[in-house]
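The analysis underlying the following values was restricted to heavy atoms, covering all of them including side chains, and did not include hydrogens, waters or symmetry mates.
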Amino acid sequence: MMNDKYINSCFNYTGSKYKLLEQIIPHFDFSKENFVDLFTGGGSVYINVLDKYKNVIVNDIIKELIGIHKSIYESDSIIEDVKKLCPGKHDKEGYLALRDDYNNNPTPAKLWALMLCCTNNMMRFNKQFKFNQTHGVRTFNDSTESKINEFKSHIRNFDNIYYHSKTFKDVQIMENTMYYIDPPYTNSEAGYNAYWNKGDDILLTKYCNDVNKAGSTFMVSGVLEHDNKECILLNNLISEGYNVVELDFNYNKVSRKGDKETREVIIKNY
């Protein structure tokens with residue numbers, strides 16, 4: 001039986017699957033020994049299956065983002081650093097100074113502080129991979145503290161987590177493993193899409209096929225259609241004959257525009 005309550009990530013993240021977990025996780029392949037969260041983002045998926053697999057591999061291309069996860073797992077030091085780094089709620093100049101400092105010398109603590117203080121708490125990068133989200137008139141608060149305490153208390157109960165920061169192509173394809181794959185998409189508005197292009201959709205299609213050939217399983221989640229734009233990756237996987245499950249989620253509640261037709265799906269090879 002799955003738990004009725006899921007742990008949330010301790011920081012907001014564009015594309016978080018937290019609100020879809022009750023629809024996604026029951027479809028996971030729990031017969032495998034290993035689990036790979038290939039594009040972990042805020043981590044709301046991997047933290048909720050730590051008791052289901054012998055080894056949980058957590059990966060994201062953004063090195064400082066993985067650094068946040070790993071640091072929280074290991075100690076409270078990054079939490080104290082972030083509290084000191086966060087400018088006041090109305091300190092726009094302090095925020096801009098922190099943003100410049102991060103772009104010149106990035107660290108996990110600086111990135112997390114920016115995420116806590118930027119618009120909608122959602123990180124965004126330009127094509128030069130510089131953080132460019134605007135000041136959000138917000139800062140570290142009691143709600144942040146509460147979410148951090150729940151997050152860290154949960155993950156520190158486990159000794160089976162392994163953190164990596166690689167491109168997905170460099171993450172080893174193993175036997176007896178389930179891969180959860182929630183990449184950026186070329187048809188979405190996400191601010192981290194500077195890290196993704198249409199060529200990556202093609203390469204990830206091949207990666208999924210290679211996972212299938214290895215006898216392992218994968219689940220890909222994402223938006224099949226968004227604002228009349230189709231996703232190359234998902235369409236490719238559907239054309240390969242993999243199983244499709246349509247999910248129920250209203251993106252008009254979170255989109256900058258409230259009139260978009262969106263189809264959220266999962267595609268799996270089992």
Side-chain angles (χ1 to χ4, degrees), residues 1-60 62 65-66 68-74 79 112 115-116 120-123 141-163 177-185 188 190 192 217-223 243 245-255 262-268 270:
M1 292 289 292
M2 301 300 301
N3 292 330
D4 292 330
K5 182 179 183 296
Y6 294 107
I7 304 293
N8 201 354
S9 171
C10 60
F11 43 89
N12 288 357
Y13 195 84
T14 310
S16 171
K17 289 298 183 286
Y18 176 69
K19 292 183 179 179
L20 285 168
L21 290 181
E22 63 182 7
Q23 295 184 64
I24 291 175
I25 288 184
H27 286 283
F28 275 17
D29 177 8
F30 294 114
S31 70
K32 298 295 184 284
E33 185 173 83
N34 310 305
F35 178 81
V36 175
D37 195 347
L38 199 60
F39 300 85
T40 198
S44 60
V45 173
Y46 88 83
I47 64 173
N48 284 288
V49 296
L50 291 172
D51 60 334
K52 305 298 182 185
Y53 298 93
K54 182 177 179 181
N55 303 298
V56 174
I57 298 165
V58 180
N59 181 74
D60 200 282
I62 304 174
L65 183 61
I66 285 295
I68 298 171
H69 285 280
K70 190 172 186 290
S71 296
I72 297 170
Y73 183 51
E74 293 175 345
I79 301 168
W112 194 7
M115 292 168 69
L116 288 169
N120 295 327
N121 295 128
M122 293 179 179
M123 65 180 186
N141 56 35
D142 290 343
S143 175
T144 307
E145 187 94 55
S146 177
K147 290 171 72 175
I148 291 170
N149 287 336
E150 182 181 39
F151 183 91
K152 73 178 185 182
S153 296
H154 177 69
I155 64 173
R156 290 177 188 175
N157 287 323
F158 299 91
D159 60 1
N160 60 338
I161 313 174
Y162 304 91
Y163 294 99
T177 302
M178 183 197 163
Y179 292 77
Y180 176 69
I181 302 172
D182 181 34
Y185 292 102
S188 71
Y192 49 77
T217 52
F218 70 79
M219 176 193 289
V220 179
S221 61
V223 176
N243 298 320
V245 178
E246 192 149 348
L247 305 180
D248 180 21
F249 188 66
N250 183 5
Y251 269 85
N252 286 333
K253 294 179 180 179
V254 295
S255 175
T262 301
R263 292 176 62 199
E264 178 90 31
V265 300
I266 55 175
I267 298 177
K268 56 184 184 172
Y270 52 94

When rounded to the nearest 0.5 Å, the distance separating CG of D182 from OG of S16 is 9.0 Å
Once side chain to side chain donor-acceptor pair (under 3.5 Å) is applied, do any residues pair with N120, and if so which ones, sequence neighbours excluded?
none
Please round to the nearest 0.5 Å and tell me the distance separating atom CD1 of I66 and atom CG of N59.
6.0 Å
Side chain to side chain donor-acceptor pair (under 3.5 Å) against S71, all qualifying residues, sequence neighbours excluded:
none
Applying ring-ring contact (aromatic ring centres under 6.0 Å, His included), can you list everything that pairs with H27, at least two apart in sequence or on another chain?
none
Heavy atoms, side chains only, cut-off 4.5 Å: are F158 and I47 in contact?
no
Do L20 and S221 have side-chain heavy atoms sitting under 4.5 Å apart?
no
Which atom pair, heavy atoms only, marks the closest approach of G41 to L65?
O-CD2, 3.6 Å
Not counting sequence neighbours, which residues clear side chain to side chain donor-acceptor pair (under 3.5 Å) with N34? List them please.
N55, T177
Going by side chain to side chain contact (heavy atoms under 4.5 Å, CB included), name the residues that satisfy it together with E74, two or more places apart in sequence or in a different chain.
K70
Apply side chain to side chain contact (heavy atoms under 4.5 Å, CB included) to N243 and list each qualifying residue two or more places apart in sequence or on a separate chain.
K268
Contacts of F35 meeting ring-ring contact (aromatic ring centres under 6.0 Å, His included) (sequence neighbours excluded), chain-then-number -> F28, Y53
With a 4.5 Å heavy-atom cut-off, do N121 and F11 have their side chains touching?
no
Begin with the C-alpha distance, continue with both residues' side-chain angles, and end with the deciding distance and a verdict on side chain to side chain contact (heavy atoms under 4.5 Å, CB included) for M123 and I62.
CA-CA 11 Å; M123 65 180 186; I62 304 174; 3.4 Å; yes
Taking only residues two or more places apart in sequence, or in another chain, which ones meet Y270 in a ring-ring contact (aromatic ring centres under 6.0 Å, His included)?
none
Would you say the side-chain atoms of H154 pair up with the backbone N or O of I7, donor to acceptor, closer than 3.5 Å?
no
Before you tell me yes or no, could you show the steps for Y73 and V58 under side chain to side chain contact (heavy atoms under 4.5 Å, CB included), namely the whole-Å CA-CA distance, both residues' side-chain angles and the distance that decides it to 0.1 Å?
CA-CA 12 Å; Y73 183 51; V58 180; over 6 Å; no
Counting only heavy atoms not in D142, do more than 12 sit closer than 6.0 Å to its CG atom?
no
Nearest 0.5 Å, please: how far is CG in L50 from CG in N157?
9.5 Å
Counterpart residues, side chain to side chain donor-acceptor pair (under 3.5 Å), relative to Y46 (two or more places apart):
H69, Y163
What pairs meet the salt bridge (Lys or Arg N to Asp or Glu O under 4.0 Å) rule with one or both residues in residues 28-50, with sequence neighbours excluded?
D29-K32
Could you report the tightest heavy-atom contact between P184 and F39, atom names first, then the distance?
CD-CD2, 4.0 Å
Between L21 and P26 the two heavy atoms that sit nearest each other are O-CD, 3.6 Å
Could you work out, with side chain to side chain contact (heavy atoms under 4.5 Å, CB included) as the rule, every residue matching S143, not counting sequence neighbours?
N141, K147
Donor-acceptor contact below 3.5 Å, side chain Q23 vs main chain D248:
yes
Rounded to the nearest 0.5 Å, the CG atom of N8 sits from the CD atom of E150 at a distance of 7.5 Å
Trace of the side chain to side chain contact (heavy atoms under 4.5 Å, CB included) decision for I25 with Y6:
CA-CA 10 Å; I25 288 184; Y6 294 107; 3.8 Å; yes
Derivation of the side chain to side chain contact (heavy atoms under 4.5 Å, CB included) call for I24 and V45:
CA-CA 9 Å; I24 291 175; V45 173; 5.8 Å; no
Which residues pass the ring-ring contact (aromatic ring centres under 6.0 Å, His included) test with Y18, sequence neighbours left out?
none
At what distance, to the nearest 0.5 angstrom, does CD1 of I79 lie from CD1 of I68?
11.5 Å
